[in-house]
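Computed from a predicted structure; not experimentally measured. Index from 1, following the sequence.
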Amino acid sequence: GKDVNKKLFSELYYSSRMVFNTITLLAAGILLFSYIFYLSEIAAKSNMNIALEWLLYSLSILISLICLNYNALFFGTNNINSIYRTCSISNIAFFIIAIYLIMEDCGLLAIAVARLTSAAAYFIQARIEIYKNKIFNNLIALENNSHLEILRKILPNASKIGGVSLGNFLSTKISILLVANYL
């Protein structure tokens with residue numbers, strides 16, 4: 001319909017933002033833990049220093065996780081074209097930067113910089129799409145953390161979907177992870 005329940009929209013937005021921010025913080029911890037206890041040892045054995053590459057790559061992952069909140073907004077407001085446009089711009093930015101830096105012989109840094117540029121392009125284009133489509137026009141300030149009640153209602157199903165998504169990712173990537181671990 002034409003009428004939007006602004007309170008419910010705002011509660012859902014703030015709840016999803018809280019979920020994605022929590023996921024981003026957990027991912028930051030996992031990425032830091034992975035570098036300190038796993039990658040730094042591998043790099044040291046190979047006489048490599050990959051701290052800058054890992055930092056840039058980790059930042060790109062964290063930005064991408066934050067941007068998942070925008071995907072939820074686009075799907076929830078039926079702006080599917082915005083998702084495709086944003087993904088296309090992000091992917092084009094990745095390929096242009098990656099190809100250029102690989103040709104300049106930047107090695108692993110090329111992929112890290114390209115990924116970070118791609119994540120930044122995604123973030124910027126998503127914000128442009130949100131303001132162009134006036135999605136935040138229905139957003140209101142909430143008084144007493146009323147979004148926490150909605151969060152309690154959606155968290156059980158959201159965590160199940162998240163668990164299934166993680167399981168799907170691991171089942172499709174397990175061979176790559178095992179081969180990388182072996183090598």
Side-chain angles (χ1 to χ4, degrees), residues 1-39 54-91 94 115-174 176-177:
K2 293 182 180 179
D3 295 332
V4 174
N5 184 338
K6 291 183 179 185
K7 183 176 186 288
L8 180 60
F9 176 79
S10 301
E11 288 173 340
L12 285 170
Y13 171 72
Y14 291 122
S15 296
S16 69
R17 197 169 77 174
M18 181 182 267
V19 167
F20 286 112
N21 287 345
T22 302
I23 291 170
T24 302
L25 286 174
L26 289 171
I30 291 169
L31 291 167
L32 180 64
F33 181 82
S34 298
Y35 179 76
I36 291 173
F37 294 107
Y38 181 68
L39 292 175
W54 186 252
L55 176 67
L56 295 177
Y57 188 75
S58 296
L59 284 174
S60 70
I61 290 173
L62 299 178
I63 292 170
S64 296
L65 287 172
I66 289 170
C67 289
L68 289 177
N69 191 38
Y70 298 137
N71 285 358
L73 271 175
F74 293 142
F75 276 117
T77 58
N78 202 24
N79 287 302
I80 307 304
N81 287 336
S82 295
I83 293 173
Y84 291 131
R85 193 173 11 259
T86 303
C87 286
S88 296
I89 289 171
S90 173
N91 289 337
F94 174 80
R115 180 89 161 105
L116 184 60
T117 304
S118 170
Y122 193 99
F123 178 81
I124 292 167
Q125 183 61 32
R127 297 296 291 193
I128 290 169
E129 293 289 331
I130 284 170
Y131 287 107
K132 183 175 83 176
N133 293 312
K134 300 177 181 167
I135 293 173
F136 283 152
N137 286 357
N138 296 312
L139 197 62
I140 60 173
L142 299 175
E143 294 175 4
N144 54 7
N145 289 332
S146 60
H147 67 283
L148 295 178
E149 184 62 33
I150 294 288
L151 182 63
R152 279 192 276 281
K153 290 179 182 177
I154 64 173
L155 201 56
N157 287 334
S159 60
K160 288 176 188 173
I161 291 170
V164 168
S165 297
L166 179 63
N168 184 34
F169 170 78
L170 290 176
S171 68
T172 59
K173 304 296 182 191
I174 194 71
I176 295 169
L177 295 172

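In this view, Tyr122 satisfies the ring pair (Phe, Tyr, Trp, His ring centres under 6.0 Å) rule with no residue, not counting sequence neighbours. Contacts of Ser64 classified as side chain to side chain contact (heavy atoms under 4.5 Å, CB included), with partners at least two apart in sequence or in another chain: Arg115, Ala119. A search for side chain to side chain contact (heavy atoms under 4.5 Å, CB included) contacts involving Thr77 returns Phe9, Asn79, Ile135, not counting sequence neighbours. Qualifying side chain to side chain contact (heavy atoms under 4.5 Å, CB included) partners for Asn168, counting only residues two or more places apart in sequence or in other chains: Ser171, Thr172. Taking the side chain to side chain contact (heavy atoms under 4.5 Å, CB included) definition, one finds that Tyr131 meets it with Arg127, Phe136, sequence neighbours left out. Qualifying side-chain hydrogen bond (donor to acceptor under 3.5 Å, both in side chains) partners for Ser16, counting only residues two or more places apart in sequence or in other chains: Asn69. Every residue meeting the side-chain hydrogen bond (donor to acceptor under 3.5 Å, both in side chains) condition with Lys7, not counting sequence neighbours, appears here in chain and number order: Glu11. The side-chain hydrogen bond (donor to acceptor under 3.5 Å, both in side chains) check on Ser88 picks up nothing, with sequence neighbours excluded. The side-chain hydrogen bond (donor to acceptor under 3.5 Å, both in side chains) test applied to Ser118 returns Ser90, not counting sequence neighbours.
For the atom pair Ile154 CD1 and Glu149 CD, the distance stands at 11.5 Å (nearest 0.5 Å). The structure places CD1 of Ile128 at 7.5 Å from CD1 of Ile89, a figure rounded to the nearest 0.5 Å. With rounding to the nearest 0.5 Å, the separation of CD1 in Ile61 from CG in Leu56 is 11.5 Å. One finds the CD1 atom of Ile130 at 12.0 Å from the CG atom of Asn137 (value rounded to the nearest 0.5 Å). Remark: Leu8 CG to Asn138 CG distance equals 11.5 Å, nearest 0.5 Å. Rounded to the nearest 0.5 Å, atoms CG (Leu32) and CG (Leu39) are 11.0 Å apart.
Note on residues 69-91: pairs passing salt bridge (Lys or Arg N to Asp or Glu O under 4.0 Å), not counting sequence neighbours, are Arg85-Glu129. For the ring-ring contact (aromatic ring centres under 6.0 Å, His included) condition, the pairs that include at least one residue of residues 64-84, sequence neighbours left out, are Tyr70-Phe123.
Across all their heavy atoms, Leu142 and His147 have their closest contact at CD1-CB, 3.9 Å. Contact between Leu139 and Tyr13 at its shortest, heavy atoms only, is CD1-CD2, 3.5 Å. Nearest heavy-atom pair across Ser159 and Pro156 is OG-O, 2.8 Å.
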Indicate every side-chain donor-acceptor pair of residues 19-30 with a distance under 3.5 Å to a residue at least two apart or in another chain.
{"residue": "Asn21", "atom": "ND2", "partner": "Arg17", "partner atom": "O", "Å": "3.3"}
{"residue": "Thr22", "atom": "OG1", "partner": "Met18", "partner atom": "O", "Å": "2.8"}
{"residue": "Thr24", "atom": "OG1", "partner": "Phe20", "partner atom": "O", "Å": "2.7"}

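Summarising the local packing, NZ of Lys132 is surrounded by more than 12 heavy atoms from other residues, nucleotides or ligands at distances under 6.0 Å. Atom OH of Tyr57 sits in a sparse spot, with 12 or fewer heavy atoms from other residues, nucleotides or ligands closer than 6.0 Å.
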